[in-house]
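Structure first, then comments.
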Amino acid sequence: MIAPFQLFFSIDPRILEITLRSLFVSGSATAIATLWGIPIATLLGLSNFRGKFLIKTIINTLIGVPTVALGFFLFLFLSREKGPLGFLGLLYTPTAIIIGEALLVTPIVISLATSAIEAVDPDITNLARTLGASKTEASIAVLKEALGGIFLAGMTSFNRAIGELGVVLFVGGFISGLTELLTSGIWIELQNGNPQISISLTIILITLVFSINLAINLIQSRGRWTSSRRSETLQKLSIE
Amino acid sequence: MDVLAEIRNVTKTFDRITVLNDVSMRVHAGEILGLLGPNGSGKTTLLKILALLEKPTKGKLYFLGKEVMDRNIQQLRMQTTMVFQKTVLFSTSVYNNVSYGLKLRKASKKETDEKVEKALKIVGLEGFEKRDARKLSGGEQQRVALARALTLDTKLLLLDEPTANLDPKNASIIEQVIRDVNQDLGTTIVLATHNMFQAQNLPNRIALITNGKIGEVGDPQEIFAKLSRNLARFAALGNSYSGVSTIQNDGTALVDIGNNLKIATSTQRDGQVTVYVSPEDIILSRNPFESSARNVFKGTISEIEDAGSLVRLGVEIGKLFVVQTTKRSFVEMKLNLDREVYLTFKASSVQII
């Protein structure tokens, strides 16, 4: 029982590599999801149009799509033999995992960020405009007010991505030195009869997830921290 | 007198509900124009049209001698600003709030710092720059909102019920700032209010607005002296009761409003009158206390309403009177429904309309 902890603390190069790759893949997926999710959330949060409710319902439904199903569809799309995107040669590469995880967490980013934007006092737009802001500047003012919520949307998405297994196994497999990740490693190493490595990877994964949740809770509970830090950030960003 | 803004035959509808109906009005340069009307009468919409935040459904709007059109609205909006009834603040420091409009106007750091400092001084919040704006008291927040508007030196300043939810101290500071800004800086101000006392004392002219239509417009003293039907209808909405006034030997008058309630007033009028007491002028206490106030009534709390930083209470003293208190006082006094309380107000606070 001591062996997994020894592995955890010994900074085994392979385990370190798997951990860093997991952080990179999940971070990239979250960044991509945020990149295309935030503009959609902004559009949904700031405008009222026919069908908005339906779109939000569909996005919320997508959050609950089984990851195995998403992984399977992606596998079919990226399959090198018959997949329509097979010619890209992405299957069983970190890029495929990044795309898969990005698609997985995009609905989470959109849903949480939309809620954060909608939760901003609707009078902020009128306030900005009466102080001289153009439509775009007023929208930026609203986004700044929602920054805390948008940040939490990103953190939650990262949290979700790093713990993902279904999509990872389907499109990434477990290629040594290429697509080994914490979640897939736990599964595969157990299959290979190396429970110590599985336990060690599990401890690392849980520690990471715990740290992220701790950070989220700290941010949520210490509104003052968010608010003052946010004001500093905003000052640097633009209100300048 | 120069006309700063003019609305001609303006109608505004929201979802088929007509909020303003064929309204025409002029705002003269340098004046304080009071819009007096009950809640829902269209005051805020009229202010938002003057702030160029809402477009009229029908009619025309002229500002600074130009007809407001899509092509010039953004440029003209730089010369008008509005302070909302419900205080809206960015979740950042007081400095960032007050300087927001200046930064949009690309003012230099030096100019911004100077104007922010000056505006905060005017509203009595010197040294508040680094404070978190949303952590200030309700009155201080409203003063930050006013300072933010003042930094812009706009030709037109629109104030929507600026003292509606404030305690008397903060209300008095804001009223003084409004006077100073108008007199010292020559800023034209349009002030929406349902506070009769404020309407009588602050503006140079008042316009009565009810059901989306402007009734009388004129000098406050003239309008109040005429006891117009519009005014009476508006006043009938709260803390106003009709009764018979009887002049007493000491020069005051007692107005019997029924249910054994006699209100001491400083009026010299005899006979049928309508009395009005502003909620801000009524002191609420758990026990009677010694004071020069002539009106002290025992009652029970029958309604409680959250009004932002304040709590609005309905107190049954034979007739229902609306009073307001800060949330902190509400908690400290352990107030609740059916709790016995005392209402105290001066005879001079009772307005005869």
Side-chain angles (χ1 to χ4, degrees), chain A residues 45-50 52-53 113 115-153 219-240, chain B residues 44 47-54 70 73-109 112 129-135 144-145 147-154 156-160:
Chain A
L46 291 179
S47 52
N48 280 313
F49 55 89
R50 199 182 286 266
K52 177 178 166 175
F53 179 78
S115 299
I117 293 166
E118 284 177 338
V120 172
D121 187 339
D123 289 331
I124 286 285
T125 305
N126 268 341
L127 170 66
R129 301 208 75 190
T130 197
L131 293 171
S134 63
K135 266 187 182 177
T136 311
E137 287 165 332
S139 299
I140 291 170
V142 174
L143 281 181
K144 282 173 185 165
E145 292 300 305
L147 213 57
I150 292 171
F151 174 70
L152 287 175
I219 291 161
Q220 279 177 327
S221 64
R222 294 176 64 187
R224 181 181 289 181
W225 183 88
T226 327
S227 162
S228 60
R229 282 299 295 272
R230 184 163 42 180
S231 75
E232 284 167 25
T233 318
L234 295 186
Q235 224 173 338
K236 281 178 198 153
L237 281 176
S238 85
I239 296 192
E240 286 178 336
Chain B
T44 301
L47 285 185
K48 282 186 173 172
I49 286 176
L50 285 168
L52 315 186
L53 293 173
E54 293 284 356
D70 281 343
I73 193 165
Q74 177 64 21
Q75 182 201 348
L76 290 173
R77 199 186 284 123
M78 291 290 191
Q79 286 304 328
T80 173
T81 193
M82 179 170 169
V83 177
F84 303 101
Q85 178 179 2
K86 189 190 100 187
T87 311
V88 191
L89 294 170
F90 298 115
S91 55
T92 177
S93 64
V94 169
Y95 178 88
N96 282 341
N97 264 282
V98 180
S99 61
Y100 180 81
L102 291 168
K103 285 168 180 167
L104 290 174
R105 286 163 176 76
K106 314 278 184 221
S108 69
K109 175 87 169 78
T112 303
E129 284 89 341
K130 290 181 180 168
R131 300 269 292 270
D132 186 336
R134 289 194 177 172
K135 294 218 162 32
V144 169
R148 185 172 51 195
L150 294 180
T151 57
L152 304 178
D153 294 327
T154 51
L156 183 59
L157 176 59
L158 305 155
L159 305 171
D160 191 5

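Here is the naming used below: chain letters follow the sequence lines, and residue numbers restart at 1 for every chain. The analysis underlying the following values was restricted to heavy atoms, covering all of them including side chains, and did not include hydrogens, waters or symmetry mates.
- Contact annotation for Arg105(B): only side-chain heavy atoms (C-beta onward) come within less than 4.5 Å of a heavy atom of chain A.
- Both the backbone and the side chain of Met82(B) come within contact range of chain A, with heavy atoms under 4.5 Å apart.
- Counting heavy-atom pairs under 4.5 Å between each of Val88(B), Leu152(B), Thr154(B) and chain A puts Val88(B) at the top.
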Test side chain to side chain donor-acceptor pair (under 3.5 Å) on Ser91(B) and Glu145(A); report intermediate values, then the result.
CA-CA 7 Å; Ser91(B) 55; Glu145(A) 292 300 305; 2.9 Å; yes

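- In this structure, Met78(B) CE and Leu131(A) CG are separated by 10.0 Å, a value rounded to the nearest 0.5 Å.
- Residue Asn126(A) touches chain B through both its backbone and its side chain, counting heavy-atom pairs closer than 4.5 Å.
- Between the side chain of Ser139(A) and the backbone N or O of Lys135(A) there is at least one donor-acceptor pair closer than 3.5 Å.
- Only the backbone of Leu89(B) comes within less than 4.5 Å of a heavy atom in chain A; its side chain stays farther off.
- Here Thr87(B) contributes atom OG1 and Asp123(A) contributes atom CG; the two are 10.5 Å apart, rounded to the nearest 0.5 Å.
- For the pair Thr151(B) and Tyr100(B), the minimum side-chain heavy-atom distance is 4.5 Å or more.
- Using a 4.5 Å cut-off between heavy atoms, Lys86(B) touches chain A through its side chain atoms alone.
- Within the 4.5 angstrom heavy-atom criterion, no atom of Lys106(B) approaches chain A.
- A distance of 6.5 Å separates CG in Asn97(B) from CZ in Phe90(B), rounded to the nearest 0.5 Å.
- If you tally non-hydrogen atom pairs under 4.5 Å between each of Thr81(B), Leu102(B), Thr80(B), Leu52(B) and chain A, the highest count goes to Thr81(B).
- With a 4.5 angstrom heavy-atom cutoff, Thr112(B) does not touch chain A via any of its atoms.
- Between Glu118(A) and Lys52(A) there is a salt bridge, since at least one side-chain N of the basic residue sits less than 4.0 Å from a carboxylate O of the acidic one.
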